[in-house]
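Comments concern the structure below.
So you know, we letter chains A, B, ... as the sequences are listed, proteins then strands, and number each from 1.
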Number of protein chains: 2
Amino acid sequence: MAEEKTDGVRKTAGTPRALDALDRKILGALSRDATLSYAAIGQDVGLSAPAVHERVKRLRASGTIEATVARLDGAAVGKPLLAFIHVDTEGWGVTTGLLALQEMPELEEVHSSAGDTNLILKVRVASPKALEGLLARIYEVGCVRATRTYTVLSTHLDRPVQAGTTQNLAEGGPVK
Amino acid sequence: MAEEKTDGVRKTAGTPRALDALDRKILGALSRDATLSYAAIGQDVGLSAPAVHERVKRLRASGTIEATVARLDGAAVGKPLLAFIHVDTEGWGVTTGLLALQEMPELEEVHSSAGDTNLILKVRVASPKALEGLLARIYEVGCVRATRTYTVLSTHLDRPVQAGTTQNLAEGGPVK
DNA sequence: TATGAAAATGAGAAATA
DNA sequence: TATTTCTCATTTTCATA
């Protein structure tokens with residue numbers, strides 16, 4: 001348990017510096033394709049390559065850019081089955097057992113939730129059988145009252161955090 | 001490259017080539033940090049830099065690596081509120097209105113689901129008010145019978161698709 | 001703008017089937 | 001023996017001051 005798994009946990013070690021329109025455009029480009037050269041991004045946003053580099057460095061240091069990672073195809077790595085699992089727990093003593101679960105690469109997201117459930121899990125597994133095994137291990141943690149599993153039939157959209165907001169996207173929107 | 005970017009939608013245009021242990025280690029490293037040099041990865045897995053490059057090129061071409069992207073901090077880009085929305089629809093005619101919703105950068109994931117709900121949405125917004133506005137627009141689509149919103153209080157784990165499986169987790173040490 | 005490092009490409013050698 | 005895949009050497013592009 002003495003492992004320093006930072007892996008994907010929020011850092012937020014950043015300066016609360018405001019982002020301007022240029023920052024947002026750069027972030028938008030990088031969130032789509034981080035292999036773009038600074039020169040190419042600079043052409044898009046109207047900046048020189050070193051200027052883009054400077055901003056990206058700042059965005060990295062501030063934690064706005066958490067990491068640059070490869071997005072893998074679930075099916076291609078042998079995990080074609082995606083599911084969300086809602087877990088109802090007794091009390092708040094979930095933390096200990098939770099850490100053990102996070103060791104499993106099948107788990108991608110773990111959120112505490114408001115609403116009629118306590119915990120929302122996003123998992124990706126090889127087969128229904130693997131899902132069954134995963135559920136069994138969740139109950140082994142203890143303090144689990146019930147689970148509800150939502151198997152994903154098809155994914156229509158799956159993209160990273162977007163830098164843009166609705167306001168600067170569509171001006172004519174009927175947003176009240 | 002003038003690429004047909006569909007903004008995160010599955011392509012799976014890949015060869016069904018099996019991944020060996022080396023591929024998985026490389027994928028694991030890149031899914032954590034895609035800024036690593038091929039030489040550094042090569043040292044980890046016991047390969048030369050060009051050899052790693054060759055495999056990565058293959059993995060990209062096959063679609064196993066979908067993209068290399070920057071992970072952004074939701075709070076830092078002005079969207080501190082994460083929520084899952086379950087949508088109950090009437091019939092299956094959701095497709096048309098769905099496409100309009102995907103234009104909104106607040107939407108990150110859209111899945112069809114089995115279970116007692118039809119659609120699972122993952123959204124990230126600036127405020128409760130923005131969430132309210134988003135819900136309103138969802139109902140505007142039509143065919144929406146009901147929604148259930150699960151607001152995320154805190155995120156304990158959020159990482160990309162993992163290349164490993166539970167079986168080979170124990171054997172493979174932490175690739176540092 | 002200039003420098004250094006790393007990525008990309010090609011040719012030869014070794015291991016495997 | 002033929003095919004695949006690694007290593008080595010070279011060029012070119014990009015990050016960084």
Side-chain angles (χ1 to χ4, degrees), chain A residues 13-15 17 19-20 22-73 76-78 160 163, chain B residues 1-5 11 13-73 76 160 163-164 168 171-173 175-176:
Chain A
T15 316
R17 182 150 193 171
L19 304 173
D20 62 14
L22 259 45
D23 286 328
R24 283 189 165 351
K25 289 185 82 170
I26 292 171
L27 290 173
L30 287 179
S31 70
R32 276 186 297 272
D33 185 1
T35 66
L36 290 168
S37 72
Y38 292 143
I41 297 173
Q43 276 202 329
D44 274 353
V45 305
L47 248 53
S48 73
V52 174
H53 176 243
E54 183 65 27
R55 283 172 178 261
V56 171
K57 209 164 63 177
R58 231 187 43 218
L59 291 167
R60 272 188 219 278
S62 70
T64 305
I65 296 177
E66 293 177 349
T68 300
V69 301
R71 281 176 69 89
L72 309 183
D73 181 42
V77 300
Chain B
M1 287 203 184
E3 214 179 331
E4 284 269 43
K5 264 293 164 49
K11 300 262 190 59
T15 314
R17 182 145 191 170
L19 304 174
D20 62 12
L22 258 48
D23 286 327
R24 296 196 114 86
K25 288 184 85 170
I26 292 171
L27 289 172
L30 287 179
S31 71
R32 276 186 293 274
D33 184 0
T35 66
L36 291 168
S37 74
Y38 293 142
I41 297 173
Q43 276 203 330
D44 277 350
V45 305
L47 248 54
S48 75
V52 174
H53 176 242
E54 181 67 24
R55 293 173 96 104
V56 171
K57 210 163 61 177
R58 244 189 24 222
L59 292 167
R60 272 190 219 279
S62 70
T64 305
I65 297 177
E66 291 177 350
T68 300
V69 301
R71 282 176 69 89
L72 309 182
D73 181 42
N168 63 20
E171 66 173 62
V175 186
K176 189 53 225 285

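- Closest heavy-atom contact between A/S31 and A/P160: O-CG, 3.4 Å.
- Scanning both residues, A/T64 and B/A76, for their nearest heavy atoms gives OG1-CB, 3.7 Å.
- Between A/Y38 atom OH and D/dA17 atom C1' there is a gap of 14 Å when expressed in whole angstrom units.
- Looking at heavy atoms from C-beta onward, A/L47 lies out of side-chain contact with A/E54 at the 4.5 angstrom threshold.
- Atom pair B/R58:CZ and D/dC6:C1' shows a separation of 12 Å (rounding to whole Å applied).
- When rounded to the nearest whole Å, the span between CZ of B/R55 and P of C/dA7 equals 17 Å.
- Atom CG in B/D23 sits roughly 9 Å away from atom P in D/dC6 (whole-Å rounding).
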Are there any protein N/O atoms within less than 3.5 Å of an N/O atom in nucleotides 13-17 of chain C, and if so, which ones and at what distance?
none

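- Comparing D/dA15, D/dT16, C/dT9 by their closest approach to the side chain of A/S37 singles out D/dA15.
- Across all their heavy atoms, B/G42 and B/V52 have their closest contact at CA-CG2, 3.6 Å.
- Distances shown here put a side-chain N or O of A/H53 below 4.0 Å from the OP1 or OP2 atom of D/dT16.
- Going from atom CD of A/E54 over to atom P of D/dC14 covers 20 Å, rounded to whole Å.
- In this entry the distance linking CD of A/Q43 with P of D/dC14 reads 11 Å, nearest Å.
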The contact string for nucleotides 7-12 of chain D, one letter per nucleotide 5' to 3', using protein heavy atoms under 4.0 Å with B, S and - for base, sugar-phosphate only and none, comes out as BBB---
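- Closest to the side chain of A/K57, from the set D/dT16, D/dA17, D/dT5, is D/dA17.
- A heavy-atom distance below 4.5 Å is found between the side chains of B/L19 and B/L59.
- Distance alone, capped at 3.5 Å, places no donor-acceptor pair between the B/R32 side chain and the A/A67 backbone.
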Under the side chain to side chain contact (heavy atoms under 4.5 Å, CB included) rule, what do B/L36 and B/Q43 come out as? Steps first, then yes or no, please.
-> CA-CA 11 Å; B/L36 291 168; B/Q43 276 203 330; over 6 Å; no
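- Between B/L22 atom CG and D/dT4 atom C1' the separation is 15 Å, expressed in whole Å.
- Within the 4.5 Å cutoff, side-chain heavy atoms of A/L72 are placed close to those of B/I65.
- Following rounding to the nearest Å, B/L36 (CG) and C/dA7 (C1') show an atom-to-atom distance of 14 Å.
- Between B/T68 and B/A34, the shortest heavy-atom distance links the atoms CG2-CB, 3.6 Å.
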